[in-house]
Amino acid sequence: MTDNKIANLLESFGMNVPVSSWSAFGHGHINDTYLIKTPGTIPDFILQRKNHLIFKDIAGMMNNIVLVTNHIRKKLMAAGETDTDRKVMNYIPTVDNRYFVKDEDGNYWTLFLFVRESHGIEEVTYPEQAFSAGKAFGHFQKQLSDLPGHLLTDTIPGFHNGKGRLAQFQAAIAENKAGRVEAMKPVIDALLSRAGEMVQLQEWLDSGVLPLRVTHNDTKINNVLYDDQNQILCIIDLDTVMPGTALFDFGDAIRTLGNTASEDEADLTKIGFNRDYFRSFTEGYLSESREFLSEKEIQNLAFSCRYLVWEQSIRFLADYLNGDTYYKIAYPEHNKVRTLAQLRYLEVLEENLDFMQSVVTGN
Ligand code: GN1
Ligand code: MG
C-alpha cells in the first residue's frame, strides 16, 4: 500500500480529502483493512480490499450490504434516531454509483465511514458484556426480521450449509492433497461420527421447517461496536450477510463467546464453557428476538451452538487437508491447532447440553 494508491482509491469514491495517516486495521482472516485518518472534522474511513478469491461475487455482496444497511437506516430514521452514522454501517458509493472499485491489479476495494468514538472487543470479560452482545445480535436480527431472505444473494453459496460443508470435507479427505489424512484419522472419524445429527439443521432449512431469514453469518464478538460508555452502536463486518437461519448467528456467537479460550488455543486444558456468559448472552439475545422467533428456532438454539462448532471444525480441517489455501495461517500447523481446539470445545458443549437447553427454554 502507498500514499498514492490510497489517494487514488479515495478519489474513485468521490472523496478528494486530505489524509493525515493510514494504517492496517483489525484482525480479519480474509480481507485487508486500512484505517484512513483525515484532519479535523472530515470523517475517518475504512478502506478495505475484499478477498475476491473467497467473495467471488463482490457485486452481489455489496448489493446485500446496501440492502441491509438501507433497511436498518430507514428504521432508525423512522424511530427518530439522529446518530444513524454510528448505528449502522455507512458504505460510500463510487462516482459512478457502485459500491466497489476494481483496481488495475484486479483487486476489489470498498470504502465505509469509520464509526466515530467506537471500539470493538476481542473477548467478553464480564457477563453484562455477554448480555449486551446477545442484545446486539438479537436486535440486528429484529431490524431485519421483515426483510425477506430471498431478496439477498447467496454470495458464498452454502456458507453454513452442513450438507455442503460435509461434502467439501469428504472431498478434502478423498483428495488428500497435503498428505495429512492418515495422521488426522482419529480427528476425522470423530467429526464424521457426528455428521448425521449435524446435517439436520440444513434439512430443516431445506424443508421450510426453519424460516429463511437475513442473517449475519459471522457473529464473532469483535463484530459488535461499542461506544465509550460501552453501549452498543452497531454490528459490523457485513460481508457475509446472506439468507440463512437465525440459528447460524446464535450458534456462531456462542462458538467464540462461550469458549473460555480462543478458537485456536493449543493447550486443550484451557478450553471450557463459560456458563455465565452463555446465560447472559442468551438472555440478551432473547430479550430482542423472542417476539419473532418460532418455537422450532428457540428449541434448537442450544443445538445450533454444537452445529456451528462442528462446522467450523470440518472447515478448518478441510483447509488443513487441502494444504492451507483458505484461512490465513500464522504458523504451519495453525489449521490443525484450530481444528483440535474446536473439536475439544464441541466435546465441552456436549457435556453442557442439558444446562444449555434449560437456559434457552427458561426451565
Ligand atoms: C473468517 O475473517 P473473519 O475472521 O471475519 C470466516 C468465518 C470463520 C472465521 C474463523 C468469509 O472470518 O466464517 O468463522 O474466519 N469468514 C469467511 O475465525 O470464511
Ligand atoms: Mg470479522
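Everything numeric here is computed off the predicted structure, so don't read it as measured data. Positions are given from 1, in the same order as the sequence printed here. Just follow the structure's listing: the first ligand is 1, and inside any ligand the first atom is 1.
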| query | According to the interplanar angle, ranging from 0 to 90°, do the rings of F114 and F25 count as parallel (below 30°), tilted (30 to 60°) or perpendicular (above 60°)? | reply | perpendicular
Assign the ring pair Y331 / H334 to parallel, tilted or perpendicular, where the plane angle (0 to 90°) is split at 30° and 60°. parallel
Close-contact set for ligand 1 against [X] heavy atoms, below 4.0 Å:
{"X": "Y326", "result": "11 (C), 17 (C), 19 (O)"}
{"X": "D237", "result": "5 (O)"}
{"X": "R255", "result": "10 (C), 14 (O)"}
{"X": "F55", "result": "11 (C)"}

Test your reading of the structure: does [X] have an N or O sitting under 3.5 Å from an N or O of ligand 1?
{"X": "D218", "answer": "yes"}
{"X": "T240", "answer": "no"}
{"X": "Y327", "answer": "no"}
{"X": "E263", "answer": "yes"}

When the side chains of residues 89-102 are checked against the rest of the protein, which donor-acceptor pairs come out under 3.5 Å, sequence neighbours left out?
residue	atom	partner	partner atom	Å
N90	ND2	D85	OD1	2.7
T94	OG1	D96	N	3.4
T94	OG1	D96	OD1	2.6
T94	OG1	N97	N	3.3
T94	OG1	R98	N	2.8
T94	OG1	R98	O	3.2

Inset, instruction - Salt-bridge test for R73 and E81: reply yes if a basic N is under 4.0 Å from a carboxylate O, no otherwise. - result: no
Self-check item: Donor + acceptor pair across side chains of W22, D3 (<3.5 Å)
Solution: yes
Short version for D239: what comes under 4.0 Å of ligand 1, heavy atoms counted, is neither
Ring pair (Phe, Tyr, Trp, His ring centres under 6.0 Å) pairs touching residues 160-200, sequence neighbours excluded, are H160-F248
Proximity flag K220 to ligand 1, non-hydrogen atoms under 4.0 Å: yes
- Could you give me the CA-CA distance, side-chain angles and deciding distance for R255 and Y345, then say whether side chain to side chain donor-acceptor pair (under 3.5 Å) is met? CA-CA 8 Å; R255 187 178 73 75; Y345 185 49; over 6 Å; no
